[in-house]
2 protein chains.
Amino acid sequence: MENRLKELRESLAMTQEELAARAGVSRQTIISLEKGKYNPSITLAYKLSKIFGLSIEELFMLNEGGEKI
Amino acid sequence: MENRLKELRESLAMTQEELAARAGVSRQTIISLEKGKYNPSITLAYKLSKIFGLSIEELFMLNEGGEKI
DNA sequence: GCAAAATGTCAAGTGTACTTTACAATGATG
DNA sequence: CATCATTGTAAAGTACACTTGACATTTTGC
């Protein structure tokens with residue numbers, strides 16, 4: 001698993017659709033992020049970090065190279 | 001000023017070219033970021049935050065809507 | 001005051017984050 | 001089993017992050 005998104009979403013009992021709505025993006029975007037298909041924009045990363053009460057770094061677990069762990 | 005990038009770069013006595021090289025992007029990208037023309041990718045935001053020893057949030061001062069203050 | 005370094009601007013191009021739509025697969029519940 | 005909610009997949013299109021290159025302007029140091 002590339003990030004904690006799916007795990008966190010499920011811990012809040014949210015559907016992909018709900019999370020997408022709260023973050024202001026499409027459901028497809030949430031799916032792709034959960035699958036690690038691409039990196040979110042800083043804006044979306046920030047919104048998601050607020051929803052989950054984490055820092056961007058905590059949520060997307062970046063290493064020194066700026067790549068996902 | 002949309003963010004603290006220029007101010008921080010100057011405080012470290014770095015040229016745009018040096019910062020661009022350290023962040024692994026073009027000088028043009030640094031110029032545009034300093035001017036607030038667009039938001040960095042999360043990867044670039046992370047690299048810059050490491051260079052300046054700040055969190056992404058501290059560096060790019062985002063508000064609740066995910067927009068710059 | 002001149003030269004060189006640093007900064008800025010413009011424009012065209014590439015890559016990728018994100019959207020939209022449509023449909024298939026899986027899972028939960030009566 | 002049947003049905004509905006949820007998740008997944010695929011493909012084509014749009015927006016924007018980022019590059020490259022060429023040149024103009026400002027700043028700095030001798």
Side-chain angles (χ1 to χ4, degrees):
Chain A
M1 198 96 66
E2 284 86 355
N3 58 51
R4 304 169 53 198
L5 240 135
K6 179 167 188 170
E7 169 194 348
L8 285 164
R9 176 177 60 80
E10 287 171 346
S11 80
L12 294 189
M14 261 192 286
T15 73
Q16 293 176 336
E17 190 118 12
E18 286 167 349
L19 180 56
R22 286 191 59 183
V25 294
S26 70
R27 187 174 65 92
Q28 194 53 233
T29 294
I30 299 298
I31 291 173
S32 297
L33 286 180
E34 287 187 354
K35 297 256 156 195
K37 296 246 176 158
Y38 49 64
N39 292 351
S41 68
I42 192 177
T43 303
L44 176 51
Y46 185 74
K47 286 178 184 170
L48 291 171
S49 76
K50 280 293 168 192
I51 290 173
F52 294 120
L54 296 171
S55 71
I56 293 176
E57 286 87 347
E58 285 168 338
L59 185 50
F60 291 100
M61 300 182 298
L62 301 160
N63 65 18
E64 291 296 324
E67 288 144 17
K68 288 181 193 162
I69 301 173
Chain B
M1 196 96 67
E2 284 87 353
N3 57 51
R4 304 168 55 197
L5 222 88
K6 179 168 187 170
E7 168 194 350
L8 285 164
R9 176 176 61 78
E10 288 172 345
S11 79
L12 294 189
M14 261 191 286
T15 72
Q16 293 176 336
E17 190 118 13
E18 286 167 349
L19 179 56
R22 285 191 59 182
V25 293
S26 70
R27 186 173 66 94
Q28 194 52 233
T29 294
I30 299 299
I31 291 173
S32 297
L33 286 181
E34 288 187 354
K35 296 257 157 194
K37 296 245 176 158
Y38 50 64
N39 292 353
S41 68
I42 191 178
T43 303
L44 176 51
Y46 185 73
K47 286 179 184 170
L48 291 172
S49 76
K50 281 293 168 192
I51 291 173
F52 295 119
L54 297 171
S55 72
I56 293 176
E57 285 88 348
E58 285 169 339
L59 185 51
F60 291 101
M61 298 181 299
L62 301 159
N63 65 19
E64 291 296 323
E67 286 145 18
K68 289 181 193 163
I69 301 172

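Keep in mind that this is a model prediction, so the values were computed, not measured. Chain A is the first sequence line, chain B the second, and so forth, proteins listed ahead of strands; every chain is numbered from 1.
- Annotation: side chain of B:Leu33 is in contact with side chain of B:Leu48 (closest heavy-atom distance under 4.5 Å).
- Distance A:Gln16 CD to D:dG8 C1': 8 Å, rounded to the nearest Å.
- To the nearest angstrom, P of C:dA17 lies 13 Å from CG of B:Leu44.
- Between A:Arg4 and A:Leu54 there is a side-chain heavy-atom pair separated by less than 4.5 Å.
- Phosphate proximity of C:dC18 to A:Ser41: present, with a side-chain N or O under 4.0 Å from OP1 or OP2.
- Atom CD of A:Glu10 is separated from atom C1' of D:dT6 by 11 Å (rounded to the nearest Å).
- A single hydrophobic cluster is seen to contain both A:Leu5 and A:Ile51, as judged by linkage of ILVMFWY side chains at heavy-atom distances under 4.5 Å, directly or through other members.
- Contacts of B:Thr15 with the nucleic acid, taken as non-hydrogen atoms under 4.0 Å apart, involve only primed sugar atoms and P, OP1 or OP2.
- In this structure, the CG atom of A:Leu33 is 13 Å from the P atom of D:dG8, given to the nearest Å.
- In terms of position on DNA chain C, the residue among B:Glu17 and A:Thr29 whose nearest nucleotide sits closer to the 5' end is B:Glu17.
- Considering only side-chain N and O atoms, B:Arg9 lies nowhere under 4.0 angstrom from the phosphate OP1 or OP2 of C:dA6.
- At D:dG8, none of the side-chain N or O atoms of A:Lys37 fall inside 4.0 Å of OP1 or OP2 (strictly under the cut-off).
- In this model, a side-chain donor or acceptor of B:Arg27 finds a partner on the base of C:dG8 within 3.5 Å.
- Residue B:Lys35 places at least one side-chain N or O closer than 4.0 Å to OP1 or OP2 of C:dT9.
- If you measure from atom CD1 of A:Ile31 to atom C1' of C:dT19, you get 13 Å, rounded to the nearest angstrom.
- In this entry the distance linking CE of B:Met14 with P of C:dT7 reads 11 Å, nearest Å.
- B:Gln28 contributes a side-chain N or O that forms a donor-acceptor pair with the base of C:dT9 under 3.5 Å.
- Rounded to a whole Å, the CD atom of B:Glu34 is 14 Å from the P atom of C:dA6.
- Of the options B:Leu44, B:Leu19, B:Thr15, a side chain to side chain contact (heavy atoms under 4.5 Å, CB included) to B:Ile30 is made by B:Leu19 and by none of the others.
- When the P atom of D:dA5 is taken as reference, atom CD of A:Glu18 falls 13 Å away, rounded to whole Å.
- The side-chain heavy atoms of A:Asn39 and A:Phe60, taken from C-beta on, include no pair separated by under 4.5 Å.
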